[in-house]
Amino acid sequence: MPLTAMGLVFWPLSFIFFFRKNPQRLLELTLVAGIFQAAAVLVMGGLGLQPVMAPGMLFIAFMSLQLLLGVKFPAVGPIFKFCTPLFLSFFWALLGSILLPRLFEGVVLVWPQKLDDVAARVPLSPTRGNMTQDCYLILDLIMFIMTVFFLTRREADPRRLYNAYLVGAALACVVGFWEMAHRLVGSIPFPKEFFYSNPGWAVLDEQMSGPVPRINATFTEPSACATFLIGTLYSTVWSTLRGYGNWATRLMILLSTLCLLMTTSTTGYAAMLVGLALLIVYAVLSRERRLFRRLMMFIAGGILCMGMTTLALTAFAPDVIKAATEVILETQDKKQSSSYEERTQKDVDSYQLAFDTYGLGTGWGSDRSSSLIPGFLATIGVVGILLLVIWNGSLFLKIYRTLKTATSERSLDAWIIEATFTALLGRTVATLISGPVLGTMDFYVLLAMLVSALIRLQTRAGKRMSV
């Protein structure tokens with residue numbers, strides 16, 4: 001089990017925070033490590049342990065020891081009651097991964113999790129893919145629960161956790177700029193062995209869009225990088241428009257936008273347009289004049305910057321404009337590419353699996369689609385989708401009611417609710433457009449931050465109304 005260079009960074013830091021009894025730092029390190037999705041801290045055979053696992057598993061171990069030593073967390077009751085639909089969806093996914101591959105064994109064809117050995121559909125049967133995906137799901141669920149436990153304690157600081165999330169996003173952008181400089185100017189070194197050390201992933205770090213290199217920064221491919229940065233962009237833009245932002249959030253708007261543009265990801269560009277449309281619709285429906293005015297100023301400032309940049313490049317660097325035009329044309333032509341046709345075929349096959357299994361699905365981890373909705377339908381089926389719809393509906397409703405009740409309160413919890421919700425929304429929108437996997441360990445830390453702040457603010461508002 002060789003230790004990687006990335007492991008020499010994250011394992012010592014994680015153990016230092018563990019033995020210093022500092023779960024706050026472990027959670028912050030988990031959010032920072034979440035960006036290194038193409039790296040490994042430990043390699044076991046052909047599989048690599050992602051960096052997020054080092055602080056994440058030690059955080060779980062620390063909180064488990066707290067529970068074994070008799071530490072009580074009485075405030076978690078309302079949170080877990082609210083999260084019942086989410087827990088039921090996890091239970092159904094785990095139960096289905098055991099029963100459904102055996103129920104429909106050999107009846108349908110699925111796309112396997114690992115395409116290294118066979119690049120075609122295979123008959124459904126229980127495989128290691130079910131077990132590995134179950135393990136990831138269980139780890140994510142435990143991480144969510146333990147984070148909720150910790151966030152009920154007084155020493156928990158959600159502001160620092162969100163700042164750690166922004167630090168991770170800034171690191172991803174810096175690495176992306178570094179990668180672009182390396183590919184444009186070959187003399188600038190770039191440590192691929194450090195950032196792309198996970199043998200379990202195929203890292204697409206040599207893609208081009210016309211004459212322009214596509215960057216993937218610390219991620220496995222450009223679209224994965226764009227999906228993460230969309231969450232950061234949604235969160236920082238919303239925080240700034242709502243008046244919560246500071247210089248760091250405004251800086252991250254610039255960095256994440258530039259890095260997102262350099263990915264030339266159709267998914268990222270489409271998610272940006274969806275986010276802008278959602279902002280305009282919300283500003284109109286909510287009738288908040290201040291928000292609408294800030295939004296119009298933000299859009300006008302963006303258009304002005306783009307216009308000035310275009311004019312400057314046209315005058316002093318016309319080759320850049322020509323290259324940008326080629327990038328735009330190639331991005332528009334991606335629907336004619338063989339990779340697009342292949343991804344579309346996987347989604348069509350996944351929809352067909354939902355029909356062939358009478359809406360039950362093939363079991364969690366049995367099929368790998370190209371997009372989230374067909375992937376869910378093919379694996380957890382209609383039952384799992386309904387449970388997730390109920391969970392998301394109840395979450396949206398509670399966010400709306402809680403923020404409406406506390407509309408005059410500019411508290412830390414109100415900010416954390418809006419910042420984490422928009423971060424999760426951005427990543428979800430991008431994944432819905434094109435992405436087979438939604439949840440990672442850092443994703444569930446953000447979700448725990450959202451739910452905990454939501455229940456705290458609701459409880460505080462309820463106490464004020466009863467007085």
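In this view, R160 and E28 satisfy the salt bridge (charged side-chain N to carboxylate O under 4.0 Å, His left out) rule, not counting sequence neighbours. Scanning for side chain to side chain donor-acceptor pair (under 3.5 Å) contacts around T440 gives R427, D442, with sequence neighbours left out. Residues satisfying the side chain to side chain donor-acceptor pair (under 3.5 Å) criterion with S97, sequence neighbours excluded, are D134. For L388, the side chain to side chain contact (heavy atoms under 4.5 Å, CB included) criterion is met by S89, F376, I380, N392, not counting sequence neighbours. Evaluation of the side chain to side chain contact (heavy atoms under 4.5 Å, CB included) rule for P191 yields W178, F194, F195 as partners, not counting sequence neighbours. Every residue two or more places apart in sequence or in another chain was checked for a salt bridge (charged side-chain N to carboxylate O under 4.0 Å, His left out) with E179, and none qualifies. With sequence neighbours left out, D413 forms a salt bridge (charged side-chain N to carboxylate O under 4.0 Å, His left out) with R456, R460. E105 pairs by the side chain to side chain donor-acceptor pair (under 3.5 Å) definition with nothing, not counting sequence neighbours. For T132, there are no side chain to side chain contact (heavy atoms under 4.5 Å, CB included) partners, not counting sequence neighbours. Residues satisfying the side chain to side chain donor-acceptor pair (under 3.5 Å) criterion with K398, sequence neighbours excluded, are Q458. Partners of K21 according to the salt bridge (charged side-chain N to carboxylate O under 4.0 Å, His left out) rule, which considers only residues two or more places apart in sequence or in another chain, do not exist here.
Here the CG-CG distance, from N198 to L42, works out to 10.5 Å after rounding to the nearest 0.5 Å. To the nearest 0.5 angstrom, F36 atom CZ is 4.5 Å from M6 atom CE.
Side-chain N or O atoms of Y244 include none that pairs as donor or acceptor with a backbone N or O of E418 at under 3.5 Å. Between the side chain of T4 and the backbone N or O of A40 there is at least one donor-acceptor pair closer than 3.5 Å. S235 places no side-chain N or O within 3.5 Å of a backbone atom of G231 that could act as its donor or acceptor partner. Looking only at distances, no side-chain donor or acceptor of N130 sits under 3.5 Å from a matching main-chain atom of Q133. Side-chain atoms of Y234 come within 3.5 Å of backbone atoms of G275 as a donor-acceptor pair (strictly under, hydrogens ignored). Remark: the backbone N or O of W111 is paired with a side-chain donor or acceptor of D367 at under 3.5 angstrom. Side chain of T218 to backbone of I35: a donor-acceptor contact under 3.5 angstrom is found.
Contact of the H182 side chain with the P189 side chain is not registered, since no non-hydrogen atoms from C-beta on lie closer than 4.5 Å. Within the 4.5 Å cutoff, the side chain of L139 has no heavy atoms near those of the M143 side chain. Between F144 and F87, the closest side-chain pair of non-hydrogen atoms falls below 4.5 Å. Using a 4.5 Å heavy-atom threshold, the side chains of L3 and L8 count as touching. In this structure, the side chains of L395 and I399 come closer than 4.5 Å at one or more pairs of heavy atoms. When side chains are defined from C-beta on, I230 counts as touching L260, because their heavy atoms get closer than 4.5 Å. When side chains are defined from C-beta on, L100 does not count as touching W364, because their heavy atoms never get closer than 4.5 Å. Considering only heavy atoms from C-beta on, L229 stays 4.5 Å or farther from L255 through its side chain.
Aromatic rings from Y162 and W415 are positioned such that their centres are separated by under 6.0 Å. For F80 and F149, the ring centers are positioned less than 6.0 Å apart. The aromatic ring centres of F421 and F396 sit less than 6.0 Å apart.
Ring geometry, F190 versus Y196: the interplanar angle falls from 30° to 60°, so the pair is classed tilted. Ring orientation note: the planes of F62 and F18 are nearly perpendicular, at an angle over 60° on the 30°/60° scale.
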Considering only distance and modelled atom types, tabulate donor-acceptor pairs under 3.5 Å from the side chains of residues 67-77, sequence neighbours left out.
none

